[in-house]
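Beneath this line is the structure, given in structure tokens, with notes to follow.
Keep in mind that the numbers below use all heavy atoms, side chains included, and drop hydrogens, waters and symmetry copies. Numbers here are sequence positions counted from 1.
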Amino acid sequence: MKFRSQIEPGIQLHLNCTKIRVFTLIEATVALVVTAMGLALLAGIGSNMQKQMVAKQEIDQFEWERFVSLLQNERQHFALVKKPGENVENIYLYSRKAKKDYIVHYESERDKVIMETASGGYMPLLYRVSSFRAIKQDKTIKITVQIDQRTYQTTFSLPLQKESGL
């Protein structure tokens, strides 16, 4: 092996050195800041979506509880009316206090459960309903409702009323 001092003049030494390009400290810092800002933005969007979902669930739960309490309201004195050939989407009620007939039914084209009177009164009870089922057995009624992919269910008893004017 020859040392540099021993290399003959006129012969150039070619070293196989390739220039390696690396990130500078500033470039690396900028890349980290941009990545951190992107992750913070995604976390904020995810948190906001979660808050909206929780708020929607709370609203659905409130509507469901209001619906059940309306049907079980003792001040209305509701009684269950048996109708021949009734389907599982209708609940026929009679208010002994108001002396009126009511029908609670599901409107699938509007995704609502509504209460109507024979005289034409109309009150929406539940919104965004994808399915509604009311199974009646003597005095007991079992209601199953699906709102925004969540299923709500209740079972309660009402006194029976002989068939009324509805």
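- The closest side-chain heavy-atom distance from Met123 to Leu70 is below 4.5 Å.
- Panel note: side chain Asn73, backbone Arg75; a donor-acceptor pair is recorded below 3.5 Å.
- At a threshold of 4.5 Å between non-hydrogen side-chain atoms, the residues Val104 and Ile114 do not count as touching.
- Of all non-hydrogen atoms in Val129 and Ser131, the two that sit nearest each other are CG1-O, 3.3 Å.
- Separation of atoms OG1 (Thr154) and NZ (Lys142) is listed at 10.5 Å; rounding is to 0.5 Å.
- Under the 4.5 Å side-chain criterion, counting only non-hydrogen atoms from C-beta, Ile143 is not in contact with Ile135.
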Cut-off 3.5 Å, no hydrogens considered: what does the side-chain donor-acceptor table look like for residues 41-68, sequence neighbours left out?
from: Asp60; atom 1: OD1; to: Arg128; atom 2: NH2; distance (Å): 2.3
from: Asp60; atom 1: OD2; to: Arg150; atom 2: NH2; distance (Å): 2.6
from: Gln61; atom 1: NE2; to: Glu65; atom 2: OE2; distance (Å): 2.9
from: Arg66; atom 1: NH2; to: Leu125; atom 2: O; distance (Å): 3.1

Note to self: What verdict does the side chain to side chain contact (heavy atoms under 4.5 Å, CB included) test give for Tyr94 and Lys99, after you've listed the backbone C-alpha separation in whole Å, the side-chain angles of each residue and the deciding distance to 0.1 Å?
What the structure shows: CA-CA 7 Å; Tyr94 178 75; Lys99 306 229 185 303; 3.7 Å; yes
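- At least one side-chain heavy atom of Leu71 sits under 4.5 Å from a side-chain heavy atom of Phe156.
- Two residues are said to be in side-chain contact when any heavy atoms from C-beta on lie closer than 4.5 Å; Leu93 and Ile103 fail this criterion.
- The distance from atom CZ of Phe132 to atom CD1 of Ile147, rounded to the nearest 0.5 Å, is 10.0 Å.
- Contact check for Val145 versus Thr151: no side-chain heavy atoms found under the 4.5 Å cut-off.
- Residues Arg133 and Tyr106 have side chains not in contact (no heavy-atom distance under 4.5 Å, counting atoms from C-beta outward).
- Listed by first and then second residue, the salt bridge (Lys or Arg N to Asp or Glu O under 4.0 Å) pairs involving residues 102-112 are Glu107-Arg110 (not counting sequence neighbours).
- Atom CD of Glu116 is separated from atom CG of Asn90 by 10.0 Å, given to the nearest 0.5 angstrom.
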Checklist line | Derivation of the side chain to side chain donor-acceptor pair (under 3.5 Å) call for Gln153 and Thr144 | finding: CA-CA 4 Å; Gln153 194 171 45; Thr144 305; 3.1 Å; yes
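- With a 4.5 Å cut-off on side-chain heavy atoms, Tyr102 and Phe78 count as touching.
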Checklist line | Leu160 and Lys82: CA distance, side-chain angles, deciding distance, side chain to side chain contact (heavy atoms under 4.5 Å, CB included) verdict | finding: CA-CA 8 Å; Leu160 287 176; Lys82 289 285 192 176; 4.1 Å; yes
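- In this structure, Ser95 contributes its side chain and Gln76 its backbone to a donor-acceptor pair below 3.5 Å.
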